[in-house]
Amino acid sequence: MEENSNKGRKENRTKDIKVAWNINKGELISLVGMGGKTTALFTLGERLKEDGSVLLSTTTKLGYPLRECENLHFYGSSSQFFDAQTTSLPNLGIGKGDVFFVAGEVTSKKIVGLEKEELDRLIPYFDYTILEADGSRKYMLKAWREYEPVIHPKTTMTIGILSVDAMGKRVDESLVMNFPLFLRHYGKRDRVDGPLIEAMVQSPQGMFQYAKGKKKLFINGCEREDQLETAHQLSEYLKERLDVEVLYGSLKEGMYVY
């Protein structure tokens, strides 16, 4: 961990996502939002396997094939996972250093998520469970329908992801998923700014509408100094107004400010 002073401010920076996000053994983390959920899923898998066994999955849909992850064991269904052993589950060798991705179903282009009952059966065998619980189809912003995000009831930490590059962008249908619904929830907006992000986080129909456990917002994509400054200003604005912990940094570069 490093303590830096940048333009008169003090901040903690680390390359350890577990430290920055304060993740403990036994966590069930649900990832929501837009701008890095899948990257966060596998980044967490890579880091947390150093301290225990990790289950990765989704409650929605993911693109297929998946990105590479060292020591990743992939199963196309929960029945395939359990049927892989002819004896008891402990003989699967689940332990420190192992990352298991278990899907509900796999098509040529998509991974369909697990049902709650399937997850309930799997979770007890792992030290950490990380779920991608929201879809955004690469849009920078989104309006959430009444059944989104899909948060597992045993979630201990809900982490919202937001791209810093959304800030200042013109708000239109090319930027926002479910744009007509967005207009109903938040009204007509010119550009993305702090008050809009505040509304999307705080709204009863927003990013955290079904959040459980600790709530954190991570502003992702801070690779340049100007992006870091934008994220810092946004985080300071939000910290004064939200009951959500606000962090920023770069999943790509492995740098986290907290």
Going through the distances and angles, do E105 and L114 end up as a side chain to side chain contact (heavy atoms under 4.5 Å, CB included)? CA-CA 8 Å; E105 180 186 349; L114 290 164; over 6 Å; no
If hydrophobic clusters are built from ILVMFWY residues whose side chains come within less than 4.5 Å, do L196 and M177 share one? no
Over all atoms of both residues, closest heavy-atom pair of P153 and K116: CG-CE, 3.5 Å
Using distance alone, with no hydrogens and no angle criterion, decide if Y139 and E173 have a side-chain donor and acceptor under 3.5 Å apart. no
How long is the span from the OH atom in Y248 to the NE2 atom in H232, to the nearest 0.5 Å? 5.5 Å
Mind checking whether M167 and I197 have side chains closer than 4.5 Å, heavy atoms only? yes
If you compare all heavy atoms of G194 against all heavy atoms of L238, which two are closest, and at what distance to 0.1 Å? O-CD2, 4.1 Å
Is NZ or CZ of R184 both nearer than 6.0 Å to the six-membered ring centre of F182 and within 45° of the ring axis? no
Measuring from atom NZ of K216 to atom CD1 of I23, what distance do you get when rounded to the nearest 0.5 angstrom? 8.0 Å
If you measure from the Lys or Arg side-chain nitrogens to the Asp or Glu carboxylate oxygens, is any gap between R224 and D226 under 4.0 Å? yes
With a 4.5 Å limit on heavy-atom distance, are the side chains of N12 and V19 in contact? no
Closer than 4.0 angstrom, basic N to acidic O: yes or no for E27 and K214? yes
Test side-chain hydrogen bond (donor to acceptor under 3.5 Å, both in side chains) applied to Y186 and Q205, step by step: CA-CA 10 Å; Y186 309 111; Q205 296 86 33; over 6 Å; no
Between atom CD1 of I161 and atom CG of L251, what is the distance when rounded to the nearest 0.5 Å? 6.0 Å
Does a side-chain N-to-carboxylate-O contact under 4.0 Å join E253 and K15? no
Quickly, which of L122, L56, V54, I94 forms a side chain to side chain contact (heavy atoms under 4.5 Å, CB included) with F100? Name it, please. I94
Determine whether R145 and L181 satisfy the following criterion, side chain to side chain contact (heavy atoms under 4.5 Å, CB included), listing intermediate values before the conclusion. CA-CA 8 Å; R145 296 187 174 95; L181 183 61; 4.0 Å; yes
Output the distance between atom OG (S203) and atom CD (E198), rounded to the nearest 0.5 Å. 11.0 Å
Candidate pair L141 and F179, rule side chain to side chain contact (heavy atoms under 4.5 Å, CB included), full reasoning: CA-CA 9 Å; L141 295 185; F179 187 61; over 6 Å; no
Can a donor-acceptor pair be found, under 3.5 Å and without considering hydrogens, that links the side chain of T156 to the backbone of L28? yes
R121 side-chain N/O to E117 backbone N/O, donor-acceptor pair under 3.5 Å: no
In the single-linkage hydrophobic clustering (I, L, V, M, F, W, Y; side-chain heavy atoms under 4.5 Å), do V164 and Y237 co-cluster? yes
Where the side chain of N220 meets the backbone of G36, is there a donor-acceptor pair that is under 3.5 Å apart? no
Should we say atom NZ of K252 is surrounded by more than 12 heavy atoms from elsewhere, each under 6.0 Å from it? no
Measuring only between side-chain heavy atoms, which start at C-beta, is I219 closer than 4.5 Å to V246? yes
Within the distance-only criterion (no hydrogens, no angle test), does the side chain of K37 pair as donor or acceptor with the backbone N or O of G33 below 3.5 angstrom? yes
Do K142 and D134 meet the salt-bridge criterion of a basic N to acidic O distance under 4.0 Å? yes
Any Lys/Arg nitrogen of E236 or K239 sitting under 4.0 Å from an Asp/Glu carboxylate oxygen of the other? yes
Heavy-atom closest pair, residues E223 and S250: OE2-OG, 2.5 Å
H185 and A143 have their tightest heavy-atom pair at ND1-CB, 4.4 Å
Would you tell me whether D16 and T14 have side-chain atoms, one donor and one acceptor, within less than 3.5 Å of each other? no
Applying the 4.5 Å side-chain criterion to the ILVMFWY set and letting contacts propagate, would M255 and L217 be lumped into a single cluster? yes
Quick one, K215 and F208 - any side-chain contact, counting heavy atoms below 4.5 Å? yes
Give me the atom names and distance for the closest heavy-atom approach of T58 to V112. CG2-C, 4.4 Å
Would E132 and T60 count as a side-chain hydrogen bond (donor to acceptor under 3.5 Å, both in side chains) here? Give the steps. CA-CA 7 Å; E132 184 163 334; T60 56; 5.4 Å; no
L72 and V106: same hydrophobic cluster, using ILVMFWY side-chain contacts below 4.5 Å? yes
Do the ring centers of Y258 and W21 come within less than 6.0 Å of each other? no
Counting only heavy atoms not in E115, do more than 12 fall under 6.0 Å of its CD? no
If we only count heavy atoms from C-beta on, is the F101 to H73 side-chain gap below 4.5 Å? no
Answer yes or no: is there a side-chain heavy-atom contact under 4.5 Å between P149 and Y210? yes
May I ask you to test the L41-L31 pair for a side-chain heavy-atom distance under 4.5 Å? yes
State the CZ-CG distance between R189 and L183, to the nearest 0.5 angstrom. 10.5 Å
Among S57, S78, S77, whose side-chain hydrogen bond (donor to acceptor under 3.5 Å, both in side chains) with E118 holds? S78
For K18 and Y256, run side chain to side chain contact (heavy atoms under 4.5 Å, CB included): C-alpha distance rounded to whole Å, both residues' side-chain angles, the deciding distance at 0.1 Å, then the answer. CA-CA 10 Å; K18 184 183 178 187; Y256 308 96; over 6 Å; no
Going by the angle between their ring planes, with limits at 30° and 60°, are F81 and F126 parallel, tilted or perpendicular? tilted
F82 and Y125 aromatic ring geometry - parallel, tilted or perpendicular at 30°/60° bounds: perpendicular
Can you see which heavy atom on Q80 is nearest to which on G76, and at what distance? OE1-N, 2.8 Å
D165/K169 salt bridge by N-O under 4.0 Å criterion: no
If you define the side chain from C-beta out and look only at heavy atoms, does anything of V171 sit under 4.5 Å from D190? no
Can you tell me how far the CG atom of D51 sits from the CG atom of D127, to the nearest 0.5 Å? 9.0 Å
Backbone of K212 reached by a side-chain donor or acceptor of T158 within 3.5 Å: yes
If hydrophobic clusters are built from ILVMFWY residues whose side chains come within less than 4.5 Å, do M200 and L242 share one? yes
